[in-house]
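Structure first, commentary second.
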Amino acid sequence: MKKHLHAIIMIAAMIAACPQQSRGTDELPTLMVANGQNAVVTYQQVSRDSIVGSCVCWPKETVESYLGARITHLEINSANAGSNSAAIFISRNLNAEPDYRQTYTPAKNGWNKVELSTPYTLSTDTIYIGYEISGVRYLNYCNTFIQGEEWLKKGSSGWQKYGNPYSAGIKVWLEGDALPKNDVAVGHAVMPLYAKTGEPVSCSMDIYNLGIDKISDIEVTYHVGDDHSQKETIAGLDMDNRTRKTIQLAGPTFSAEGNQQWQMEITAVNGTADKKVYDNRSRQSNMLAYNDYTKRKVLVELFSTERCTQCAAFDELLSQFMADKTDAVQLSHHSGFYTDKLTIDESIAYEWFYRPVNIHAPAVMFDRTSHFDNYPTVFQDTVPLISFDTPTLTALHQVQTAAPAFVSINLSASYDNSNRMVTIDVSGEQLMPVSGDSIRLNVFLTEDSIASDTQAGVSGTFIHRHAARKCLTTAWGQPIDVANGYNSHFSFVIPEEWQEKRMRVVAFVTNYNPNDKLDCKVLNANQCLLDGTDPTYINKVYDRSIIDMVTVYDMQGRVVVRLTGQTNTNDAIRILDSLPKGVYIVETENTNGTKRSKVSK
């Protein structure tokens with residue numbers, strides 16, 4: 001008995017040690033192909049009185065990669081069960097009789113498996129695979145796993161190409177010996193636009209595993225002009241079938257100056273060639289490479305108003321982001337959602353940058369530049385103005401600070417306290433070749449730390465940052481000749497109600513094309529103070545909370561001023577404004593505890 005028990009245990013251990021097979025030795029490999037993910041997330045409204053349907057299109061290149069395989073069954077996600085007028089089809093022409101058609105009755109709401117009575121063998125032609133159904137008001141759609149051509153029949157108007165960001169509830173099952181084991185598709189790629197010669201340019205791409213085998217490594221080839229020698233291997237991917245991953249790449253180097261076309265291609269998967277190569281390349285992008293360059297300052301334009309309940313939170317988010325950014329200049333426009341007491345005409349004029357049917361606040365522009373190719377989900381309207389969060393601000397700041405300054409901006413200002421006159425001089429020249437027929441200089445006066453008790457969404461005092469107070473040029477700037485150098489002079493009397501110690505001059509150079517919102521990019525920006533006082537300490541001190549006590553110390557630990565009773569940090573900011581230049585410690589106390597900040601002014 002013991003011997004028999006021992007033998008049984010040994011056999012069980014051997015079985016457990018053997019890898020489980022997904023098919024028997026006499027079965028063919030299988031592969032599921034679908035544009036969408038599994039769960040239904042939305043519904044496409046259709047005509048209940050018509051025959052309606054959805055289908056996917058497989059181009060010739062896709063079909064050829066599955067040559068000889070057979071479609072054995074489809075899974076259709078149905079909105080209604082029990083319809084007697086449903087059919088699957090496979091066709092080489094949507095407007096002709098299908099090559100294969102089979103009726104079925106949806107057994108349930110959700111995924112329904114439809115076995116083909118006669119499996120369909122793939123040849124080399126483009127085909128459409130889908131279903132038609134009647135008596136329903138909606139068709140089920142899923143989030144997209146991978147982009148692919150799809151068509152929709154909503155009613156009597158017939159088949160029309162589907163352009164929404166979802167995918168039909170259609171899964172296609174294949175079987176055959178020639179199904180691709182290693183099949184990778186390249187999706188979205190982030191490809192920088194500027195590079196310094198001799199230094200690698202980091203980039204990224206999304207890749208999809210569409211083959212049977214798990215992906216462990218890929219080889220990426222960089223095509224830079226006529227040079228195809230630069231390669232990079234990414235190992236340790238561990239990607240199962242129908243998974244997506246964003247791959248961070250060290251990137252190529254550019255040896256020559258100037259504009260160059262470049263592209264990324266996956267040239268090997270798991271050490272072998274990809275059977276389906278037509279989807280292995282990224283888009284082609286232009287790179288401007290340079291040996292040396294002058295760093296730019298990035299213009300960050302905020303659109304926000306007091307009537308917008310969400311704007312206060314996003315104003316503070318941007319203020320926190322900008323607190324340590326010495327390479328960026330903020331210009332806040334009180335427009336985009338009605339107007340308020342800080343709105344100026346030029347800020348309203350800049351609502352032109354919005355898509356006409358989608359004017360909103362809060363919104364932001366970085367150098368009046370759209371990066372739709374690299375960030376399509378951010379720049380959905382293909383205009384420079386976007387909604388934002390911290391990751392978006394971080395990404396766009398990184399992109400724009402990598403761009404060179406195309407023109408120089410030398411900026412100086414002097415302020416006469418006796419008559420409140422500010423005098424401004426702006427000069428510069430072309431640093432790199434510029435495109436555009438109308439180069440313009442734009443000059444604004446901004447005021448920081450404007451206290452207001454009328455900001456929607458805020459209880460108590462709110463501090464407005466870097467508000468555009470006065471445009472000293474026209475809204476679209478003053479024409480300048482950067483090729484031969486420019487020099488402009490401005491003067492303005494500061495109104496009594498404006499705090500000159502919190503004011504800056506903001507200057508930036510743009511191209512201006514009244515017919516194209518994407519051709520008004522900022523070429524460089526700069527800023528200076530009216531009297532030399534640096535108000536950036538406000539970022540460290542400002543707190544919306546009610547404060548029980550504020551104490552300001554000098555660097556010897558002596559109390560310079562102390563405020564007690566229900567107050568807020570705007571009172572401390574006003575006192576700091578009046579103190580001599582130097583370094584101070586600001587201590588605030590309330591029910592949340594004690595906060596200390598070291599500030600310089």
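Along the sequence shown, the residues carry numbers beginning at 1.
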Geometric cation-pi criterion Arg596 and Tyr553, 6.0 Å radius, 45° cone: yes
Aromatic ring proximity Tyr354/His360, centre distance under 6.0 Å: yes
Backbone N/O of Gly251 and side chain of Ser202: donor-acceptor pair under 3.5 Å: no
Within 6.0 angstrom of Gln147 CD, more than 12 heavy atoms from elsewhere: no
Listed partners of Asp238 passing salt bridge (Lys or Arg N to Asp or Glu O under 4.0 Å), at least two apart: Lys214
Full working for side chain to side chain donor-acceptor pair (under 3.5 Å) between His188 and Asp206: CA-CA 5 Å; His188 174 62; Asp206 292 344; 5.9 Å; no
Arg469 and its salt bridge (charged side-chain N to carboxylate O under 4.0 Å, His left out) partner, picked from Glu500, Glu497, Glu447: Glu447
Closest non-hydrogen atom pair between Val505 and Leu411, with its separation: O-CD2, 3.7 Å
Between His464 and Glu306: side-chain donor-acceptor atoms closer than 3.5 Å: yes
Whether over 12 other heavy atoms sit under 6.0 Å from Asn419 CG: yes
Minimal non-hydrogen separation, Leu529 against Ala413, with atom names: O-CB, 4.0 Å
Distance, nearest 0.5 Å, that separates CE of Met287 from OG of Ser285: 6.5 Å
Heavy-atom pair of closest approach, residues Lys297 and Ala525: CB-O, 3.2 Å
Within 6.0 angstrom of Glu232 CD, more than 12 heavy atoms from elsewhere: yes
Gap separating the CD1 atom of Ile424 from the OG atom of Ser412, nearest 0.5 angstrom: 9.0 Å
Ring-face cation contact, Tyr338 with Arg307, 6.0 Å cut, 45° max: yes
Test ring pair (Phe, Tyr, Trp, His ring centres under 6.0 Å) applied to Phe388 and Phe314, step by step: CA-CA 8 Å; Phe388 63 95; Phe314 282 88; 5.3 Å; yes
From Ile344 atom CD1 to Cys471 atom SG, the distance as rounded to the nearest 0.5 Å: 6.0 Å
Heavy-atom donor-acceptor pair, Asn526 side chain to Ala507 backbone, under 3.5 Å: no
Over all atoms of both residues, closest heavy-atom pair of Ser347 and Ser335: O-OG, 3.0 Å
Under 3.5 Å: donor-acceptor pair, side chain of Thr369, backbone of Lys521: no
Pair Arg440-Thr510, side chain to side chain donor-acceptor pair (under 3.5 Å): steps then yes or no: CA-CA 5 Å; Arg440 307 286 185 96; Thr510 68; over 6 Å; no
Gap separating the CD atom of Gln37 from the OH atom of Tyr141, nearest 0.5 angstrom: 15.5 Å
Parallel, tilted or perpendicular: rings of Phe353 and Tyr350 (30°, 60°): tilted
For the student: nearest non-hydrogen atoms of Asp367 and Arg296, plus distance: OD2-NH1, 2.7 Å
Phe462 vs Glu316 side-chain heavy atoms within contact, under 4.5 Å: yes
Value rounded to 0.5 Å, distance of CG in Asp315 from NE2 in His466: 10.5 Å
Chi angles and distances behind the salt bridge (Lys or Arg N to Asp or Glu O under 4.0 Å) call for Arg355, Asp381: CA-CA 7 Å; Arg355 190 164 66 96; Asp381 293 334; 3.0 Å; yes
Lys341 atom NZ, neighbour heavy-atom count above 12 within 6.0 Å: yes
Flag for Thr473-Asn442: side-chain donor and acceptor within less than 3.5 Å: no
Mutual orientation of the aromatic rings belonging to Tyr208 and Phe145 [parallel < 30°, tilted 30-60°, perpendicular > 60°]: perpendicular
Ring geometry between Trp476 and Trp352 (parallel below 30°, tilted from 30 to 60°, perpendicular above 60°): perpendicular
Pairwise distance CG(Asp340) to SG(Cys308) - rounded to 0.5 angstrom: 10.5 Å
Lys517 atom NZ, over 12 foreign heavy atoms within 6.0 Å: yes
Met432 versus Gln430, closest heavy-atom pair with distance: O-CG, 3.1 Å
Distance-only side-chain donor-acceptor flag, Asn511 / Asp519, under 3.5 Å: yes
Over 12 non-hydrogen atoms of neighbours within 6.0 angstrom of OH in Tyr290: yes
Candidate pair Arg562 and Thr551, rule side chain to side chain donor-acceptor pair (under 3.5 Å), full reasoning: CA-CA 4 Å; Arg562 176 171 286 151; Thr551 307; 3.0 Å; yes
Derivation and outcome, salt bridge (Lys or Arg N to Asp or Glu O under 4.0 Å), residues Glu587 and Lys595: CA-CA 6 Å; Glu587 182 180 83; Lys595 175 184 174 182; over 6 Å; no
Gln398 atom CD: more than 12 heavy-atom contacts under 6.0 Å: no
